[in-house]
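Model, not experiment: these values are computed from the prediction. One-based numbering, in listed order, for ligands and for the atoms of each.
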Amino acid sequence: MSDPVFFVTGGAGFIGANLVHHLLAVRPNARVVVYDKLTYAGNLDSLEPATKNPRYELVQGDIADRELVRATFERVRPTHVMNLAAESHVDRSIDGPGVFMQTNVMGTFELLQATLGYVRAHETETRGFRFLHVSTDEVFGSLGPTGLFTEESQYQPNSPYSASKAGADHIVRAYHHTYGLPVVTTNCSNNYGPYQFPEKLIPLVTLNALEGKPLPVYGDGANVRDWLWVLDHCAALLVAVERGKPGETYNVGGRSERRNIDVVKTICAVLDELRPKATKYAEQITFVKDRPGHDRRYAIDASKIERELGFRPTMTFEAGIRKTVEWYLENRTWADRVTAGTYRRERLGHGT
Ligand code: NAD
């Protein structure tokens with residue numbers, strides 16, 4: 001194959017933007033084409049550092065627009081498709097599940113159809129081609145106090161979001177088994193780091209804390225998530241798309257299980273140090289009514305990707321949280337601009 005061309009759907013989102021910067025930095029011969037609908041979650045400000053790079057290009061489009069995907073493939077000739085485009089916020093999926101089905105299920109289907117057509121039309125040039133589908137550990141449902149999700153865990157999605165991601169995972173799998181499309185799927189835990197839209201826990205708490213607002217914690221705060229530093233995730237996605245075995249799935253985790261309340265307290269402690277004030281930030285913590293169907297615990301056994309592809313997370317949770325809080329302190333303008341639209345950090349997902 002010639003120089004790699006990475007076609008990154010959802011590249012203007014949180015993980016996508018970090019991935020674009022990572023790819024441009026670590027693959028100096030590669031071109032990176034972002035294909036993104038630019039929903040509320042897609043922010044061109046997050047891609048600003050890439051815009052002067054001649055190896056970067058943005059196409060605004062919907063993954064469900066098969067014709068536009070097909071025409072873009074013909075023009076840019078991708079060697080790797082990395083599918084990160086999705087509706088991704090559980091609370092929004094409770095308030096309005098339809099768009100989750102449309103993008104995550106039907107969009108993935110249309111993207112696969114376009115990809116299959118492209119690979120079949122260019123068989124010789126697309127040897128080594130890979131389609132990476134980026135999914136979540138939430139498809140496996142909820143764990144009790146012990147145990148870990150493995151690649152063999154049963155699918156038991158509990159929210160419209162996780163159900164739509166599970167549907168997409170099954171369709172991706174079927175395109176390998178039925179049509180021989182060289183797909184790889186990753187299922188990862190909660191990401192955190194720069195460029196995350198401030199409706200998610202870590203940026204929401206950081207920004208509310210700075211503005212003296214309540215720090216909302218769902219239920220008793222004892223829900224446990226595994227936290228993965230976003231750039232560790234990007235490194236995992238790159239090994240998976242370059243060296244993953246077609247048809248295989250890989251779990252990706254950060255080896256950092258934390259209760260939500262402890263995540264919030266850690267952010268408060270970092271802020272007490274970096275932006276001290278008369279009262280402790282933890283005094284702003286407010287317990288709010290739990291999310292309907294809130295999964296209790298997610299935890300990942302990532303030994304397969306570690307063993308087979310040599311991936312290991314490098315960032316500890318404490319160091320990663322500090323870096324993240326520092327990033328939000330230094331990038332208040334970014335946060336103000338991305339929330340200047342309709343979302344104002346209000347509570348979503350009451351399910352009523
Ligand atoms: P995000 O919501 O920040 O970004 C999603 C991006 O997809 C946005 O840029 C949006 O404009 C774009 N998009 C939405 N609908 C589209 C469509 N129909 N066509 C083209 N583009 C569209 O999401 P994220 O947090 O960066 O997550 C990326 C992927 O990783 C998602 O598939 C998500 O399910 C998965 N994931 C995320 C996490 C996490 O902690 N953030 C964890 C596990 C898995």
Side-chain angles (χ1 to χ4, degrees), residues 7-20 33-47 58-66 68-69 72 81-93 98-111 114 132-140 149 157 159-169 172 185-203 225-234 236-237 240 250-254 256 263 295 298 300 302 320 324 338 341 343:
F7 185 94
V8 181
T9 74
F14 161 47
I15 302 171
N18 280 286
L19 178 64
V20 168
V33 179
V34 167
Y35 184 92
D36 197 297
K37 188 177 175 182
L38 299 179
T39 68
Y40 81 95
N43 295 296
L44 294 181
D45 282 358
S46 310
L47 290 167
L58 169 78
V59 176
Q60 183 171 4
D62 190 328
I63 52 167
D65 184 345
R66 194 191 305 179
L68 182 59
V69 173
T72 311
V81 171
M82 302 176 83
N83 181 29
L84 289 90
E87 289 293 333
S88 72
H89 188 37
V90 176
D91 288 343
R92 284 181 190 265
S93 82
V99 67
F100 284 72
M101 305 306 150
Q102 176 55 33
T103 283
N104 300 358
V105 181
M106 289 310 294
T108 303
F109 160 69
E110 294 292 354
L111 182 65
L132 176 77
H133 176 64
V134 179
S135 189
T136 167
D137 59 357
E138 301 192 27
V139 297
F140 300 123
F149 295 131
S159 71
Y161 164 66
S162 54
S164 67
K165 292 295 290 186
D169 293 9
V172 169
T185 296
T186 52
N187 294 84
C188 75
S189 54
N190 278 27
N191 282 222
Y192 70 103
Y195 300 116
Q196 188 166 30
F197 193 79
E199 65 186 354
K200 303 275 171 87
L201 181 69
I202 290 175
R225 301 291 180 262
D226 172 55
W227 291 93
L228 173 63
W229 172 241
V230 66
L231 286 166
D232 276 336
H233 185 209
C234 294
L237 296 180
Y250 300 91
N251 283 357
V252 187
S256 294
V263 171
D295 288 337
Y298 306 137
I300 284 267
T324 305
V338 303
Y343 176 68

Closest non-hydrogen protein atom to [atom], residue and atom name please, with distance?
{"atom": "atom 37 (C) of ligand 1", "answer": "Ile15 CD1, 3.4 Å"}
{"atom": "atom 16 (C) of ligand 1", "answer": "Lys37 CB, 3.8 Å"}
{"atom": "atom 23 (O) of ligand 1", "answer": "Ser88 OG, 3.3 Å"}
{"atom": "atom 44 (C) of ligand 1", "answer": "Ser135 O, 3.3 Å"}
{"atom": "atom 40 (O) of ligand 1", "answer": "Asn191 N, 2.8 Å"}
{"atom": "atom 33 (C) of ligand 1", "answer": "Tyr161 OH, 3.6 Å"}
{"atom": "atom 9 (O) of ligand 1", "answer": "Asp36 OD2, 2.6 Å"}
{"atom": "atom 28 (C) of ligand 1", "answer": "Leu84 O, 3.4 Å"}

Which bit of [X] gets closer than 4.0 Å to ligand 1, counting heavy atoms only: side chain, backbone, both or neither?
{"X": "Lys165", "value": "side chain"}
{"X": "Thr9", "value": "neither"}
{"X": "Ala64", "value": "neither"}

Fill in: Cation-pi check, Arg225 onto Tyr192 ring (under 6.0 Å, within 45° of axis)
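No - Arg225 does not lie over the ring of Tyr192 by the 6.0 Å and 45° rule.
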Worksheet item: Counting from 1, what ligand 1 atoms have a heavy atom of Ala85 closer than 4.0 Å?
Response: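 Answer for ligand 1: 7 (O), 20 (C), 21 (N), 22 (C).
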